[in-house]
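Right, one structure below, let's go through it.
Numbering of residues begins at 1 and proceeds along the displayed sequence. When a ligand or atom number is given, it counts from 1 through the structure's own listing order.
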Amino acid sequence: MIETLDDLDVEGTTVGVRVDVNSPIDDDGTLADDARLRAHVDTLSELLERGGRVAVLAHQGRPGGDDFVSLESHANRLSTLLDQPVEYVDATFSSAARKTIRTLSNGDCVVLENTRFYSEEYMEFDPERAAQTHLVTGLESVLDAYVNDAFAASHRSQPSLVGLPTVLPGYAGRVMEAELDVLGSIEETPDPRVYVIGGAKVSDSIDVAWSVLEKGLADHVITAGVVGNVFLIADGVDLGDASSDFIYDQGYWDEIDRAADLLDAYGDRIALPRDVAVDRDGDRYELGVNALPPGDGESAMDIGDSTLEYYQRILADAETVILNGPAGVFEDDRFQKGTRRLYDTATDSSTSIVGGGDTASALRKLGVEGFSHVSTGGGAALRMLTAEPLPAVTALQNAPEQPAADD
Ligand SMILES: Nc1ncnc2c1ncn2[C@@H]1O[C@H](COP(=O)(O)OP(=O)(O)O)[C@@H](O)[C@H]1O
Ligand SMILES: O=C(OP(=O)(O)O)[C@H](O)COP(=O)(O)O
């Protein structure tokens, strides 16, 4: 049983709130898209209005990446969204961070520095070991409670996600609560149920396909994006060197065998692209799979019209559609048609559930609206769809209780 904000005695309590605001970053190192921040406003404003003293914990990017930046611009943006001053401190658990947290008054909010600036936060630990890391031992003494609203990171066993709820009373924030409600009850959604798996997380997507086909949850699995390309190669289609090299470079070559096994076992329920779009002389050019391989250097960047018609026929009979991953390289205007049309069709189903950070940003960019639920998580949502436990959710379930006020 997970406790929520309804179970937390907030007034005067110093709460560490783990959010997921991992976002696209501009060339000048500042926040480029505030969608993930906006998602957490309900949780944070509720805690602040109820008299909590809030210390926000989050990561941004991965070590070595261009988006591995400080959370200062996130804090500035949060101040606008919450319509109140939000302090930022360039420390996460040092004495400077602890001092700032100790001086918070009821209704005050501080954003601590990017948790991944500290190497332990980019490692995976079991909860007991995570509880002994510097981040957790540093913050434990200045926090009374822990709220996890970072559903999108909850497939990670990192200290701020599994260590803090091992030593502090833990609660799900409003984002986490809504995600667990929807994604935890997929089995109760109406049949026929169709899964659309696109994007570039090939291994995770094949895991999901195995799981939902094996359990009889999926009447059909529709493939697109890099995932669709891997299935085409597994089916014996020659996609050409450019697409094959891309799959190899991303480390997904071994997935072709797994995709082939899946086709052997459940091929009648797996739909593959019938044509692909490539960049030919700067324009979008569609080729049926029988006309492949494409020309030298041409890569399959989107699904084509005949695939769209085929997939739209499958979707027309679906009562529930669960989608993750763009159908093509939506960042390029020439290759966004597959994503726009496929996702638009899915909104006609009575239940349509979408997961994925890039997917959500593609839908915003393309102006596709009307889903029953748009998850904040990509990898986390995929993992949940396989009914695998999420380590950060398990840690919340096992968290100690908040001591009574007079203890
Ligand atoms: N055919 C393709 N070739 C190369 N990249 C692709 C293709 N189709 C989709 N993508 C890329 O997949 C990425 C998003 O995939 P992914 O990270 O799995 O999505 P999400 O974050 O929603 O889970 C996008 O950057 C998009 O350009
Ligand atoms: O953006 C995230 O996940 P997503 O790309 O699956 O949506 C989370 O912040 C997790 O980040 P990570 O995959 O660097 O651990």
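Residue, atom and distance of the protein heavy atom nearest to atom 6 (C) of ligand 1 are Val226 CG2, 3.5 Å. Of the protein's heavy atoms, Thr359 OG1, 2.5 Å lies nearest to atom 22 (O) of ligand 1. For atom 10 (N) of ligand 1, the nearest non-hydrogen atom of the protein is Gly328 O, 3.9 Å. In terms of protein heavy-atom proximity, atom 23 (O) of ligand 1 is closest to Lys201 NZ, 2.7 Å. In this structure, atom 1 (N) of ligand 1 lies nearest to the protein heavy atom Ala300 O, 2.9 Å. Atom 27 (O) of ligand 1 has Glu331 OE1, 2.7 Å as its closest protein atom, hydrogens excluded (heavy atom only).
Of the charged side-chain nitrogens involved, at least one lies within less than 4.0 Å of a carboxylate oxygen, so that Arg50 and Glu46 count as a salt-bridged pair. At a threshold of 4.0 Å, the pair Arg269-Asp219 does not count as salt-bridged, since none of the basic side-chain nitrogens sits closer than that to a carboxylate oxygen. Salt-bridge annotation for Arg53 and Asp144: absent, with no side-chain N of the basic residue lying under 4.0 Å from a carboxylate O of the acidic one. Taking 4.0 Å as the cut-off between side-chain N and carboxylate O, Arg383 and Asp204 do not count as a salt-bridged pair. Contact check on Arg340 versus Asp344 returns no salt bridge, with no Lys/Arg side-chain nitrogen under 4.0 Å from an Asp/Glu carboxylate oxygen.
Using bins of under 30°, 30° to 60° and over 60° for the plane-to-plane angle, the ring pair Phe117/Phe68 lands in the perpendicular bin.
Here is the list of ligand 1 atoms found below 4.0 Å of a heavy atom in Gly225: 1 (N), 8 (N). Every atom of ligand 1 is numbered from 1 in the order shown, and the set under 4.0 Å from a heavy atom of Gly199 is 12 (O), 15 (O), 18 (O). Listed by atom number, the atoms of ligand 1 under 4.0 Å from Asn324 heavy atoms are 23 (O).
For the pair Arg116 and Tyr122, the cation does not sit on the ring face, since its NZ or CZ is not both under 6.0 Å from the ring centre and inside 45° of the axis.
In terms of polar-atom proximity, Ala200 is counted as a contact of ligand 1, with an N or O under 3.5 Å from an N or O of the ligand. Checked against a 3.5 angstrom limit, the closest N/O atoms of Pro326 and ligand 1 fall outside it.
Of all the heavy atoms of Ala362, none lies under 4.0 Å from any atom of ligand 1, so neither backbone nor side chain is involved. With a 4.0 Å cut-off on non-hydrogen atoms, Met301 touches ligand 1 through its backbone and not its side chain. At a heavy-atom cutoff of 4.0 Å, ligand 1 is contacted by the side chain of Asn229 but not by its backbone.
Each of Glu113, His74, Glu72 was evaluated against Tyr88; a single residue qualifies, Glu113, per the side-chain hydrogen bond (donor to acceptor under 3.5 Å, both in side chains) test.
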Stepwise salt bridge (charged side-chain N to carboxylate O under 4.0 Å, His left out) test for Asp302 and Arg334: CA-CA 9 Å; Asp302 195 8; Arg334 295 167 301 171; over 6 Å; no
Verdict with reasoning, Phe246 to Tyr252, per ring-ring contact (aromatic ring centres under 6.0 Å, His included): CA-CA 9 Å; Phe246 179 84; Tyr252 290 136; 8.6 Å; no
May I have every N or O pair linking ligand 2 to the protein at under 3.5 Å, one per line with atom names and distance?
| unit_1 | atom_1 | unit_2 | atom_2 | d |
| --- | --- | --- | --- | --- |
| ligand 2 | 1 (O) | Asn22 | ND2 | 3.1 |
| ligand 2 | 1 (O) | Arg36 | NH1 | 2.8 |
| ligand 2 | 6 (O) | Gly379 | N | 2.7 |
| ligand 2 | 7 (O) | Arg36 | NH2 | 2.9 |
| ligand 2 | 7 (O) | Gly378 | N | 3.3 |
| ligand 2 | 9 (O) | Asp20 | OD1 | 3.2 |
| ligand 2 | 9 (O) | Asp20 | OD2 | 2.6 |
| ligand 2 | 9 (O) | Asn22 | ND2 | 3.1 |
| ligand 2 | 9 (O) | His59 | NE2 | 3.0 |
| ligand 2 | 11 (O) | His59 | NE2 | 3.4 |
| ligand 2 | 13 (O) | Arg62 | NH2 | 2.6 |
| ligand 2 | 13 (O) | Arg156 | NH2 | 2.7 |
| ligand 2 | 14 (O) | Arg62 | NE | 2.7 |
| ligand 2 | 14 (O) | Arg62 | NH2 | 3.3 |
| ligand 2 | 14 (O) | Arg116 | NH1 | 3.0 |
| ligand 2 | 15 (O) | Arg116 | NH2 | 2.8 |
| ligand 2 | 15 (O) | Arg156 | NE | 2.6 |
| ligand 2 | 15 (O) | Arg156 | NH2 | 3.4 |

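For the pair Asp33 and Ser361, the tightest heavy-atom approach, listed with the atom from each and the gap, is OD2-CB, 4.4 Å.
Of the candidates Leu382, Asp358, Val202, the one placing a heavy atom closest to atom 14 (C) of ligand 1 is Asp358.
Arg174 is listed as a side-chain neighbour of Thr4, based on a closest heavy-atom distance under 4.5 Å.
Judged by distance alone, the side chains of Ser375 and Glu179 do bring a donor and an acceptor atom under 3.5 Å apart.
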